[in-house]
Amino acid sequence: HILGTQWQCTLHVTLVKCDQGQNIVIMTNANKKYHRHQAAYGYGWQLRRCRLPSHHAIILISTLLVLFSTQCSAFVNSNNNHDNTPDTNVNIEEEEEDFFPPLIESEDISYFFSTYDLEGLHWALTNIFHRSGRNPNSPKRKELPQALVARGGGDKYTTEYKLRHDLQQAIYLVEQLQLSDPQMSEYFKSQVIPIYERVLQNIPPLEELKRTKGLYAFTEKDYALGVGTVYNKALYATTADELDPTWKEYSNTGLLNNALNWNGIQRGWFGESEKLQQPELLDTAKTQEEPVQSIPGVMIIDDLLTPRALSLLRQLLLRNTHWFQTKTPLEFGKYVGSYIDDGLNDPIFLELAKQLHQSMPRIMAGHHLKYMWAYKYDSEWESGINLHADQAAVNVNMWLSLDGADLEEEGYGGGLVVFTTKPPSDWDFES
């Protein structure tokens, strides 16, 4: 699984504390109008949009990625006290317009993270997600934003490998939930699995989908089978709190391996270690006094997470049906994605990003969390992610697969290839 984070600046969201029933002002610079809402609880949004200067059954190989950006600045007033919020869903009067945006923006994520306001960030993420088209039973649900559809998260098309992933995850959940949630287990067994199996029979071979680069648009026959009620919907979600109610207690001592030499890791990043002059000594940064690395700016760290944290992260990523993104296989390969702004919002992921940020203050200086994602790869497909760049100053890739999943076989092999040659200064991001 890959968790990723990336950064750039365009929008501020300020969470402000207010008294019971106090009016909240929503300000947008599009029309300069002021919209007032009665706050049912003690919190509301104050949105100000402004343009700023730029500064995961198939056996799957899995990775985790985190990115950090160039510094951006803006003047924001806030009160970050969320201690008495009675519910993660904010209720407002029926006649009032729902002021949650359809999709959180990276700048909003960065704003909350800049003061480590993880409760506020989780509050915002869950409120927006609960109102999305992923939740068919939500009275406030909105159509999926075009941004989600454009990146492969739509609900009117699929790929053969994505639907097979969803089928195998459903089969996995039937087994895993038999004792803890027999009703949900039966739901997947009797309703979800039959739909996926029947729709899969309707998908033509990949070579017949060249025009759409491997995408398959659902037909009336598929909808008659019920695919619209289950595909790319939030059918099941558990939390770290449910799986391990004491995780926050042990997270106080760290989700990360406390034997790691973070000062040495940072020295290696900046090329300050004499051993960096010996490229043949490529090694890990376990508990060595001085981690060995051949290239400044690229660090390899083994045993990054504690075993308990690693197990909990794996359980969440295996169980939760938030894998909404499919790639066009004839263009990008076969892997599915999950994103912080589209269901990947459990507090343990936010806490992990925080602890990474705090453990490497020199590397992370001025760079706040802007985005996070996870990927699952189809082990029957020979390629992973194509050559690409990320819009980040720092990114962290974490492989969460079990030992033995990364097999070096002909035509296969996990890991990451890093190209260290910098592009010409006159190239833009697309170039």
Under a 4.0 Å threshold between the charged nitrogen and the carboxylate oxygen, would Asp181 count as salt-bridged to Arg319?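 Salt bridge: no.
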
Pairing of Arg164 and Glu160 as salt bridge, 4.0 angstrom limit: yes

A quick test of your reading: do over 12 heavy atoms of other residues, nucleotides or ligands sit less than 6.0 Å from [atom1] of [X]?
X	atom1	answer
Gln183	CD	no
Glu175	CD	no
Glu143	CD	no

Less than 4.5 Å apart, any side-chain heavy atom of [X] and any of [Y]?
X	Y	answer
Lys327	Asn386	no
Tyr236	Leu177	yes
Phe218	Asp155	no
Leu215	Thr326	yes
Phe112	Leu118	no
Leu125	Ile340	yes
Tyr187	Leu235	yes
Phe349	Leu316	yes

side-chain contact (heavy atoms from CB on, under 4.5 Å) for Leu352 and Leu313? Distances and angles first, verdict last. CA-CA 10 Å; Leu352 176 58; Leu313 291 172; 4.0 Å; yes

Starting at [atom1] of [X], measure out to [atom2] of [Y] and round the result to the nearest 0.5 Å.
X	Y	atom1	atom2	result
Tyr196	His165	OH	NE2	9.5 Å
Leu121	Thr126	CG	OG1	9.5 Å
Glu331	Lys213	CD	NZ	3.5 Å
Ile195	Leu167	CD1	CG	11.5 Å
Asp108	Ile128	CG	CD1	7.0 Å
Leu148	Gln146	CG	CD	9.0 Å

Donor-acceptor pair, [X] side chain versus [Y] backbone, under 3.5 Å?
X	Y	answer
Ser338	His322	yes
Thr246	Glu249	no
Gln355	Leu255	yes
Arg151	Ala147	no
Ser311	Arg308	no
Asp244	Ala240	no
Ser114	Tyr111	yes
Gln169	Leu318	yes
Asn232	Phe324	yes

Dump the intermediate steps for side-chain hydrogen bond (donor to acceptor under 3.5 Å, both in side chains) on Asn263 and Arg267, then the final yes or no. CA-CA 6 Å; Asn263 288 330; Arg267 287 196 301 270; 5.7 Å; no

Before giving the answer on side-chain contact (heavy atoms from CB on, under 4.5 Å), spell out for Leu173 and Thr321 the whole-Å C-alpha distance, their side-chain angles and the decisive distance to 0.1 Å. CA-CA 10 Å; Leu173 287 170; Thr321 61; 3.9 Å; yes

So which atom in [X] and which in [Y] form the shortest heavy-atom distance, rounded to 0.1 Å?
X	Y	value
Asn320	Thr238	OD1-N, 2.6 Å
Asn345	Leu350	O-CD1, 4.4 Å
Asn135	Phe129	ND2-O, 2.7 Å
Phe188	Ala170	CD2-CB, 3.7 Å
Gly153	Leu144	O-CD1, 3.8 Å
Asn257	Trp262	O-NE1, 4.4 Å

Residue from His357, Glu351, Lys354 passing side chain to side chain donor-acceptor pair (under 3.5 Å) with Tyr116: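 Running side chain to side chain donor-acceptor pair (under 3.5 Å) over His357, Glu351, Lys354 with Tyr116 returns exactly one hit, His357.
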
With side-chain contact (heavy atoms from CB on, under 4.5 Å) as the test, pick out the partner of Arg314 among Leu317, Leu312, Leu310. Leu310

Tyr335 and Tyr377 aromatic ring geometry - parallel, tilted or perpendicular at 30°/60° bounds: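 Answer is tilted, since the angle falls between 30° and 60°.
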
Applying side-chain contact (heavy atoms from CB on, under 4.5 Å) to Phe270 and Ile363, what does each step give before you reach the verdict? CA-CA 8 Å; Phe270 289 106; Ile363 297 175; 4.0 Å; yes

Intermediate values then yes/no, side-chain contact (heavy atoms from CB on, under 4.5 Å), Leu256 and Thr306: CA-CA 6 Å; Leu256 306 176; Thr306 65; 6.0 Å; no

